[in-house]
> 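To start, I am sharing the structure in question, which I have written as C-alpha cells.
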Amino acid sequence: MMDFTPEQLERYSRHILLQDVGVEGQEKLLAAKVLIVGAGGLGAPVSLYLAAAGVGTVGIIDNDEVEISNLQRQIVHFTGDIGTAKVESAAAKMRAVNPDVTVKTYKKFLCADNIREVIRDYDFVIDGTDNFPTKFLVNDACVMEKIPFSHGGILRFDGQTMTVLPHNSACYRCSFRQPPPPDAVPTCSQAGVLGAIAGMLGTIQAAEALKFITKTGELLTNCLLSFDAKTMNFRKVPLRKQPDCPICGENPTITELVDMEQTVCELKS
Amino acid sequence: MTTEIDAVKNCRGVGCPMNLVYAKVELARLEPGQVLEIILDDGAPVNNVPKSAEKEGHTVLEQKKLEDGTWSVLIRKG
C-alpha cells in the first residue's frame, strides 16, 4: 500500500470513504493514465474532474488556441486565456486544482500517423472531439491498441455517449459504420450548443473513466446513452458487438488507419 | 481472554469523517482476521465509525470507555 500524506488523505477523503472506491481505488486512480482528446466543451469538465480525482497522469491533446466563442461552454478556459494554446490553458487549471497530477500536453492534431503512438501510453481515452472523422479515428486506434475509451458527442440540446472495451463490447463502428457525409450533420460551430450540456456529457465521461479505473459499478458498454436537455429525457439504446464490424469484427477490413476527409465547416477559414 | 491487537490508531481529537478515513487506511494495511484498535472520541465518532466499519464487512469486537472519556474500539478486518 502506498503512503498517503495527511494532506492527500484529506484531499481524497470523499473517495476513500466510498466503499466501492476506498484506499485501494484511490491508489489505482493515482497510478492511472488517462488521455483526453480535445480540450473543448467535453475536455474541459473531464480535465477538471480527472485532475481533482487524483488521476496520476492526464494527457491532453488539441491543436487550437482559446477563442472568445469557446468560453460559453469550455469552462476550463478563462477570458484571460484567449489566444493561448488550449492544452496549456487546461494544463494550468489541472495543475492548480491538484499538484499530485502529472499533466502531459500535446499541441497537435491527432491524425492517422500519430494517434497509435500517443494513445499507447494510456489506460483509458476520452473522446472529446468535435468531428466525425476524428471520432472514427479514435475508435479505430483504440480498438487496434485495445485501449478502453469513452465516446462522447454534443450538439444543440442533445448529448450521446458510450463506453467501449475493445473486442469485449460494441465499438462505435459496430453501430455507426462510417462518418456521415460532410455537411450531413452540422457541427457545434454551425448549429450551436447549449453550454451546460457540455458539462452534462463531459461529467458522464469523467465518471466512466473513474469507474473503469477503480473497477466500480457497470460501465456504459453495449449501449448508447443519449439525452435531450429540452425535455431532460435520458434513454439507453442497447447496442451489440457486430461480428461483421469492419474494425473489431471477425474479419476486419480496416487494418490500417487513414485520415478521412474533414468536413468543410470545421476547418477554420 | 485478551484479543491480540495488530495495529493501533489514535484518533483522539479527530472528527468525522476523517476518523473513518484513518480507520480505513489502517484496515487496508492489515490482513483479513487481524485486529485494529482505534481510539475514538465520545459522541459522533464512537457512534459512527464502528457502524461504518461493520457496513464494510469488518467486525467490531469490543467497545470500551477509557478513563479520559474516549473509547477503545477493536475491529477485526473482514
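Letters go in sequence order (proteins before strands), and every chain restarts at 1. On a predicted model such as this, the values are computed, not experimentally measured, just so you know.
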> Using a cut-off of under 4.5 Å for heavy-atom pairs, which of A:Q26, A:E10, A:E24 has the most such pairs with chain B?
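Maximum pair count with chain B is reached by A:E10.
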> Should we count OH of B:Y22 as having more than 12 external heavy atoms under 6.0 Å?
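Counting neighbours around OH of B:Y22, more than 12 heavy atoms of other residues, nucleotides or ligands fall under 6.0 Å, so yes.
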> What are the two closest heavy atoms between B:K24 and A:G22, and how far apart are they?
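That would be NZ-CA, 4.2 Å.
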> Decide if atom CZ of A:R120 counts as having more than 12 heavy atoms of other residues, nucleotides or ligands within a radius under 6.0 Å.
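Yes, enclosed.
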> Shorter than 4.5 Å, heavy atoms on both sides: which option in B:K55, B:R29, B:E56 has the most such pairs with chain A?
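Heavy-atom pair counts peak at B:E56.
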> Work out which heavy atom in B:L20 is nearest to a heavy atom in A:L17; give both atom names and the distance.
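Scanning both residues, the minimum pair turns out to be CD2-CD2, 3.5 Å.
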> State, yes or no, whether a side-chain contact exists between B:S52 and A:Q19 at a heavy-atom distance under 4.5 Å.
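Side chain of B:S52 against side chain of A:Q19, heavy atoms only: no contact under 4.5 Å found.
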